[in-house]
Amino acid sequence: MDLEKQEGVVVVTPEEVEVFDYAKRAQWLRAAVLGANDGLLSTASLMMGVGAVKQDVKTMILTGVAGLVAGACSMAIGEFVSVYSQYDIELAQMKREGNTQDKNKLPNPYTAAMASAVAFSVGALVPLLAAAFIKDYKVRLAVVVAVVSLALLVFGGVGAVLGKAPFVKSSLRVLIGGWLAMAVTFGLTKLAGHVGV
């Protein structure tokens, strides 16, 4: 607050305080964290699933690479379609209201698509790099689970800090969900391999 003296009277005038809008931050944060988490978890789960029935490193890495490419393309296309739909709806509303001068503030579907693909790819690289140089099957699986667990904790923690959410609760929720996804994928693929599907 500023204090001003006018004719012997002190007048208090409020300063302009910039308020940060966490809802706006949540939009890009959601896309980045979900993209990276999806890349990490879907690629790791694919690698663990294939690793349940094929023990060689080449098959596991090729599965991870295929998961990275397919997932990044899928995320980019999905984000593009979603954001473009949002853009069209908001622009149509602006036109109905006769107010299109703020159209440059609308979300950019191309930027969103690229960001989503990059975030997914960054997440997918984690299990790929963890498994790439380990020949022993059991050690490779253990290293992938350990590295992915650490990354899940980090992603959950970053999301919590940036979104001002409870740190431990967010981190553990992401970690437990990741363990569940990898375990289900490993177990069901192992079962399918034993059944002979």
Side-chain angles (χ1 to χ4, degrees), residues 26 28-82 112-113 115-163 165-197:
W28 66 261
L29 175 64
R30 179 197 61 81
V33 171
L34 283 179
N37 194 57
D38 283 350
L40 173 73
L41 199 49
S42 62
T43 303
S45 294
L46 274 170
M47 292 170 66
M48 294 296 289
V50 169
V53 292
K54 288 282 206 176
Q55 295 187 5
D56 64 294
V57 69
K58 183 177 179 180
T59 302
M60 193 180 220
I61 297 301
L62 285 174
T63 301
V65 170
L68 184 155
V69 173
C73 290
S74 176
M75 291 291 287
I77 291 166
E79 195 71 18
F80 179 81
V81 169
S82 173
S116 188
V118 168
F120 185 95
S121 299
V122 167
L125 283 173
V126 173
L128 275 168
L129 292 174
F133 305 105
I134 301 172
K135 295 287 183 198
D136 184 76
Y137 170 69
K138 289 182 180 177
V139 173
R140 186 178 344 108
L141 290 180
V143 168
V144 168
V145 170
V147 169
V148 168
S149 296
L150 180 62
L152 287 167
L153 283 171
V154 169
F155 288 166
V158 167
V161 168
L162 294 177
F167 184 83
V168 173
K169 185 178 178 182
S170 296
S171 298
L172 288 177
R173 181 176 49 233
V174 172
L175 176 64
I176 292 168
W179 283 347
L180 185 61
M182 288 188 292
V184 167
T185 306
F186 185 88
L188 289 178
T189 307
K190 190 85 161 169
L191 179 65
H194 282 303
V195 172
V197 175

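Worth saying up front: this structure is predicted, and the values here are computed from it rather than measured. When reading the values below, keep in mind they use all heavy atoms of this one structure, side chains included, and skip hydrogens, waters and symmetry mates. When a residue number appears, it is its place in the shown sequence, counting from 1.
When atom types are taken as modelled, the side chain of Ser82 and the backbone of Gly78 share no donor-acceptor pair closer than 3.5 angstrom. The backbone N or O of Val50 lies less than 3.5 Å from no partner atom in the side chain of Thr189, so there is not a single donor-acceptor pair.
For residues 46-69, the pairs satisfying side chain to side chain donor-acceptor pair (under 3.5 Å) are Asp56-Thr59, with sequence neighbours left out.
The closest side-chain heavy-atom distance from Leu125 to Leu68 is below 4.5 Å. The side-chain heavy atoms of Val53 and His194, taken from C-beta on, include no pair separated by under 4.5 Å. Looking at heavy atoms from C-beta onward, Met47 lies in side-chain contact with Leu128 at the 4.5 angstrom threshold. Residues Ser74 and Phe120 are not in side-chain contact: their nearest non-hydrogen atoms beyond the backbone lie 4.5 Å or more apart.
Not a single ring-ring contact (aromatic ring centres under 6.0 Å, His included) links Phe186 to another residue, sequence neighbours left out.
In this structure, the separation between OG on Ser42 and CG on Asn37 is 9.0 Å, given to the nearest 0.5 Å. Put simply, CG on Leu175 and CG on Leu180 are 11.0 Å apart, with the number rounded to the nearest 0.5 Å. One finds the CD1 atom of Ile61 at 7.5 Å from the CZ atom of Arg140 (value rounded to the nearest 0.5 Å). If you take CG on Leu152 and CG on Leu172, they are separated by 11.0 Å, rounding to the nearest 0.5 Å.
Of all the heavy atoms in Ser149 and Val145, the pair that sits closest is OG-O, 2.7 Å. Scanning all heavy atoms of the two residues, the minimum distance from Gly51 to Met60 falls at CA-CE, 4.2 Å. Taking both residues in full, the closest heavy atoms of Glu79 and Ala112 are given as CG-O, 3.5 Å, listed atom of the first, atom of the second, then distance. The minimum heavy-atom distance between Ser170 and Gly156, with the atom names listed, is CB-O, 3.8 Å. For the residue pair Val148 and Pro127, the shortest heavy atom distance occurs at CG2-CB, 3.9 Å. Smallest separation of non-hydrogen atoms from Phe80 and Ala113: CB-CB, 3.8 Å.
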